[in-house]
Amino acid sequence: MKLARDNKSVEKQILLLPEVVNLEPIPMSMIIENIDLLTDIGFVIEPFGDGMVVVREVPALIGDSDIKQIIIDLGDDISSAGLPSSYNAKIDLILGNIACHRSVRSGRSLNETEMNELLREMERTPNSGQCNHGRPTSISLSLKDIEKLFNRT
């Protein structure tokens, strides 16, 4: 998504049924305040009555994610942590939060094809060794480390 934004080639997906999202007052004001920023990364969002927004388009790359939850969490994250002053830092923070929603969550089982696809994507992705919050996305264990875990040394 960052690459598409940098190349000004963000593909949008028009929603057949727009998503209406209810928001608390502070997150609502943060989403409304940053509508232009969200438009730059592929969201088309409009105010829709008291405490609601309607999402008409989303970045194509977010696929079948829970759009309502992304908007709710984005409003909550922005209102609690605030946004940096620089435009690029704002965009990076928002895209990082969206990336967290698209990540493979703990406990989710992947088949072999999904695992291989994920590893190939990590090889192509800059900074894939850590998540947006700085936590590692993978670790390396030597045979000796594994043997220790099974009391084999």
Side-chain angles (χ1 to χ4, degrees), residues 1-140:
M1 289 179 78
K2 286 181 181 182
L3 184 61
R5 184 233 24 214
D6 291 344
N7 294 333
K8 298 191 185 328
S9 62
V10 175
E11 290 186 36
K12 296 179 187 177
Q13 175 67 50
I14 298 172
L15 300 176
L16 184 59
L17 298 170
E19 290 278 354
V20 176
V21 183
N22 292 309
L23 295 164
E24 294 295 322
I26 293 174
M28 172 77 175
S29 67
M30 296 308 287
I31 294 292
I32 298 300
E33 194 175 303
N34 292 286
I35 278 183
D36 291 340
L37 206 67
L38 294 167
T39 300
D40 289 348
I41 58 171
F43 287 94
V44 173
I45 301 173
E46 302 167 3
F48 192 72
D50 192 31
M52 293 183 286
V53 293
V54 63
V55 182
R56 299 193 183 281
E57 297 178 38
V58 296
L61 288 174
I62 69 168
D64 60 352
S65 297
D66 184 346
I67 295 161
K68 283 184 182 181
Q69 197 60 52
I70 287 174
I71 299 301
I72 290 168
D73 290 347
L74 202 51
D76 289 342
D77 290 347
I78 294 171
S79 60
S80 66
L83 280 175
S85 56
S86 129
Y87 173 84
N88 285 336
K90 286 178 186 178
I91 293 284
D92 287 345
L93 181 69
I94 290 170
L95 291 177
N97 285 339
I98 292 168
C100 281
H101 286 280
R102 298 273 302 139
S103 67
V104 177
R105 301 291 181 163
S106 176
R108 179 173 164 216
S109 294
L110 300 175
N111 64 39
E112 187 175 344
T113 303
E114 291 172 317
M115 285 186 254
N116 283 322
E117 189 177 306
L118 180 61
L119 291 171
R120 297 302 76 80
E121 188 175 337
M122 286 179 72
E123 289 172 347
R124 294 186 303 269
T125 304
N127 305 319
S128 66
Q130 65 185 40
C131 77
N132 191 53
H133 301 101
R135 293 184 292 268
T137 56
S138 63
I139 58 169
S140 178

Engineer: Not counting sequence neighbours, list each pair that qualifies as a side chain to side chain donor-acceptor pair (under 3.5 Å) and has a residue in residues 40-60.
Structural biologist: Asp40-Tyr87, Glu46-Arg56
Engineer: Can you list the steps and then say if Asn111 with Glu114 is a side-chain contact (heavy atoms from CB on, under 4.5 Å)?
Structural biologist: CA-CA 5 Å; Asn111 64 39; Glu114 291 172 317; 3.3 Å; yes
Engineer: Looking only at heavy atoms, what is the nearest atom pair of Phe43 and Ile70, with distance?
Structural biologist: CZ-CG2, 4.4 Å
Engineer: Does the side chain of Ile67 reach to within under 4.5 Å of the side chain of Val21, using non-hydrogen atoms?
Structural biologist: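 Ile67 vs Val21: side chains apart.
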Engineer: Which heavy atom in Met28 sits nearest to a heavy atom in Met52, and how many Å separate them?
Structural biologist: CE-O, 3.0 Å
Engineer: To the nearest 0.5 Å, tell me how far Asn116 CG sits from Glu121 CD.
Structural biologist: 13.0 Å
Engineer: When Val53 is tested against each of Val20, Ile35, Ile32 for side chain to side chain contact (heavy atoms under 4.5 Å, CB included), which residue passes?
Structural biologist: Ile32
Engineer: Passes side-chain contact (heavy atoms from CB on, under 4.5 Å), Leu74 versus Asn34? Steps please.
Structural biologist: CA-CA 11 Å; Leu74 202 51; Asn34 292 286; over 6 Å; no
Engineer: Before accepting this row, confirm whether a basic side-chain N of the pair Glu117/Arg120 lies closer than 4.0 Å to the acidic partner's carboxylate O.
Structural biologist: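 No, Glu117 and Arg120 are not salt-bridged.
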Engineer: Do you know the tightest heavy-atom contact between Leu15 and Val55?
Structural biologist: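 Residues Leu15 and Val55, closest heavy atoms: CD1-O, 3.3 Å.
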Engineer: Could you list all the salt bridge (Lys or Arg N to Asp or Glu O under 4.0 Å) pairs where at least one residue sits in residues 28-38, not counting sequence neighbours?
Structural biologist: none
Engineer: What heavy-atom pair brings Ile31 and Ile71 nearest, and what distance separates the two atoms?
Structural biologist: CD1-O, 4.0 Å
Engineer: Measure the CG-CD1 distance between Asn22 and Ile72 for me, rounded to the nearest 0.5 Å.
Structural biologist: 7.5 Å
Engineer: Can Glu19 and Ile45 be said to form a side-chain contact (heavy atoms from CB on, under 4.5 Å), step by step?
Structural biologist: CA-CA 9 Å; Glu19 290 278 354; Ile45 301 173; over 6 Å; no
Engineer: Taking atom CD of Glu123 as the centre, report whether more than 12 heavy atoms of other residues, nucleotides or ligands fall under 6.0 Å from it.
Structural biologist: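 It does: Glu123 CD has more than 12 such atoms within range.
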